[in-house]
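Down below is the structure, laid out as structure tokens.
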There are 2 protein chains.
Amino acid sequence: MYNRLKGAIESVQKMEAHEWALALPFFEYQEFKKGEHLLQTGKVCNKVHFIVEGCARIYFSHESRDVSRQFFFEDSFVTEFGSLISKQPSLYAIDAVEDCKLLSINAENLDILYDNSINFLKFGKRIAEYTCIFVVNRNVEMVVRSAPERYLRLVKERPKVMNRVPLHMIASYLGITPEALSRIRKDVSKS
Amino acid sequence: MYNRLKGAIESVQKMEAHEWALALPFFEYQEFKKGEHLLQTGKVCNKVHFIVEGCARIYFSHESRDVSRQFFFEDSFVTEFGSLISKQPSLYAIDAVEDCKLLSINAENLDILYDNSINFLKFGKRIAEYTCIFVVNRNVEMVVRSAPERYLRLVKERPKVMNRVPLHMIASYLGITPEALSRIRKDVSKS
DNA sequence: GATTCGAATTGATCTACATCAAGGCGCTTA
DNA sequence: TAAGCGCCTTGATGTAGATCAATTCGAATC
């Protein structure tokens, strides 16, 4: 389990042995059942979670409807940057789409890590940069592509999302209603 | 001029004297006339620009129409993260909306800075994090607010954009056509 | 001062997707 | 086995904003 974590981190930034010695004890194992919240709207986010197994999502509520912002699967990290960094109440919630096994580090220990390990600092910078690029790209996709195009790209590029996330969550992620997604799927399956 | 740069950087991360001694010589002064390109689509971005005076924007072309992604004014930094980091040809262009006076550092020197100054590394991490939060927030605004709401928020929160950027660029930034923006402005001025 | 050309406005029409309302289908829980 | 309840689908209608086409305005150039 910890090897999975090490592998995921080293794919971004190589670490020294002493850095692992410092870091690994900070990551605590925890489990969440499907539907449970890793972070609730209005609470300050003070954790970064590594997903060993399962699926989680960030979402927000708007006019009594959930809007999914992003989905996360095994071998990736989930947190709410905005709240984690600003220490302000989160505008977003994180919940388990499937039962989740996590290795989680809290904000205080993360800061210790950044202050005492230059490679973790580099790791943090890279993660933020990649996230930034990813989010910009998603922005552009939303502007440039039609709803059916966005759906087809999701099917092609992120099959895990299609296979493991309920359609109504996918609909809001694509920026459309469940009804619209249903019709798009019908059209696509015809041709 | 260099004091403006120092001030902008120190508002994010304090630096030591030796770090300034290393960094400041890396920043070269340059000027761009309105309409000139700081970065062209298809070229690799290898600069980060600090705007001393003027206004620049990142945009891309889609179906023979420009879509503005963001506007930048004096005392802020402009670059195209995606291309700068991946070293791949940029999907986006950067041009001068007004005549620009810049202090620019190239990618090689930036890497030297990150490798030899822990505070610049922290600075880089923070900038990426703030950018990430800003971009996510913009995403959400696009989904949650109607076009008139987005327009009114821009008027209120970023008057510089309204005062110094042509309307057709603002329209594409808001995700609508110039015609739609014109009608929204008429409606708003009535009430 | 006349000319020009892009920017902005205005009007008429079209369309993608939302909204509202009603079923059906498949899980869970008893 | 049945009851109940989300989830997904389907149909009818509504609407925000796009598109197309034509002026008008305004700043730069000669």
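Residue numbers begin at 1 in each chain, while the letters A, B, ... track the order of the sequences.
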Seminar exercise, completed: Pairing string of DNA chain C (Watson-Crick or G-U wobble, both atom distances under 3.5 Å; | = paired to other strand) is ||||||||||||||||||||||..||||||
For this session: Using atom CD of B:Glu179 as one end and atom C1' of D:dA21 as the other, report the distance to the nearest whole Å.
Result: 10 Å
For this session: Look at the side chain of A:Arg65 and decide which nucleotide, out of D:dC8, C:dT19, C:dT10, has an atom nearest to it.
Result: C:dT19
Problem set entry | Separation of D:dG6 P from A:Asp66 CG (nearest whole Å) | 14 Å
Exercise. Under 30°, 30 to 60°, or over 60°: which ring-plane class applies to A:Phe77 and A:Phe123, parallel, tilted or perpendicular?
Worked result: perpendicular
Exercise. Can we say A:Glu141 and A:Arg150 salt-bridge, meaning some charged N sits less than 4.0 Å from an Asp/Glu carboxylate O?
Worked result: no
Exercise. Looking only at side-chain N and O atoms, does B:Lys186 come under 4.0 Å of OP1 or OP2 in C:dT10?
Worked result: yes
For this session: Can you establish whether the number of heavy atoms outside B:Lys156 located under 6.0 Å from its atom NZ is more than 12?
Result: no
Kindly give the atom pairs (protein nitrogen or oxygen, nucleotide nitrogen or oxygen) under 3.5 Å for nucleotides 13-17 of chain C.
from	atom 1	to	atom 2	distance (Å)
C:dC17	OP1	A:Ala147	N	3.1

Exercise. Using the ring of each side chain (for Trp, its six-membered ring), is A:Trp20 parallel, tilted or perpendicular to A:Phe120, with breaks at 30° and 60°?
Worked result: perpendicular
Problem set entry | side-chain N/O B:His168 vs C:dG6 OP1/OP2, d < 4.0 Å | no
Look for any protein N or O under 3.5 Å of an N or O in nucleotides 22-30 of chain C and output each such pair with its distance, or none.
none

For this session: Take the protein atom CG of B:Leu181 and the nucleotide atom C1' of C:dA8, then report the distance between them rounded to whole Å.
Result: 10 Å
Seminar exercise, completed: Regarding the side chain of B:Leu167, the nearest nucleotide among C:dA8, C:dC20, C:dG11 is C:dA8
Exercise. Is the closest basic N to carboxylate O distance between A:Lys160 and A:Glu74 below 4.0 Å?
Worked result: yes
Exercise. Would you find more than 12 non-hydrogen atoms of other residues, nucleotides or ligands less than 6.0 Å from B:Arg164 atom CZ?
Worked result: yes
Exercise. Tell me, which pairs form a salt bridge (Lys or Arg N to Asp or Glu O under 4.0 Å) where one or both residues lie in residues 25-34 of chain B, sequence neighbours left out?
Worked result: B:Lys33-B:Asp99
For this session: Return yes if some donor-acceptor pair links the side-chain N/O of B:Arg69 with the main-chain N/O of A:Val140 below 3.5 Å, else return no.
Result: no
Can you give me every donor-acceptor pair (side chain of residues 168-180 of chain B, partner residue at least two apart or in another chain, under 3.5 Å) with its distance?
from	atom 1	to	atom 2	distance (Å)
B:Ser172	OG	B:Ser68	N	2.9
B:Ser172	OG	B:Met169	O	3.1
B:Tyr173	OH	B:Arg158	NH1	3.1
B:Thr177	OG1	B:Ala180	N	3.2

Seminar exercise, completed: Contacts of B:Met169 and B:Arg183 projected onto DNA chain C by closest heavy atom; the upstream (5') one is B:Met169
Exercise. Any side-chain heavy-atom pair from B:Val135 and B:Arg138 closer than 4.5 angstrom?
Worked result: no
Exercise. Tell me: CZ of B:Arg185 to P of C:dA7, nearest whole Å?
Worked result: 15 Å
Problem set entry | Contacts of type salt bridge (charged side-chain N to carboxylate O under 4.0 Å, His left out), residue A:Lys43, not counting sequence neighbours | none
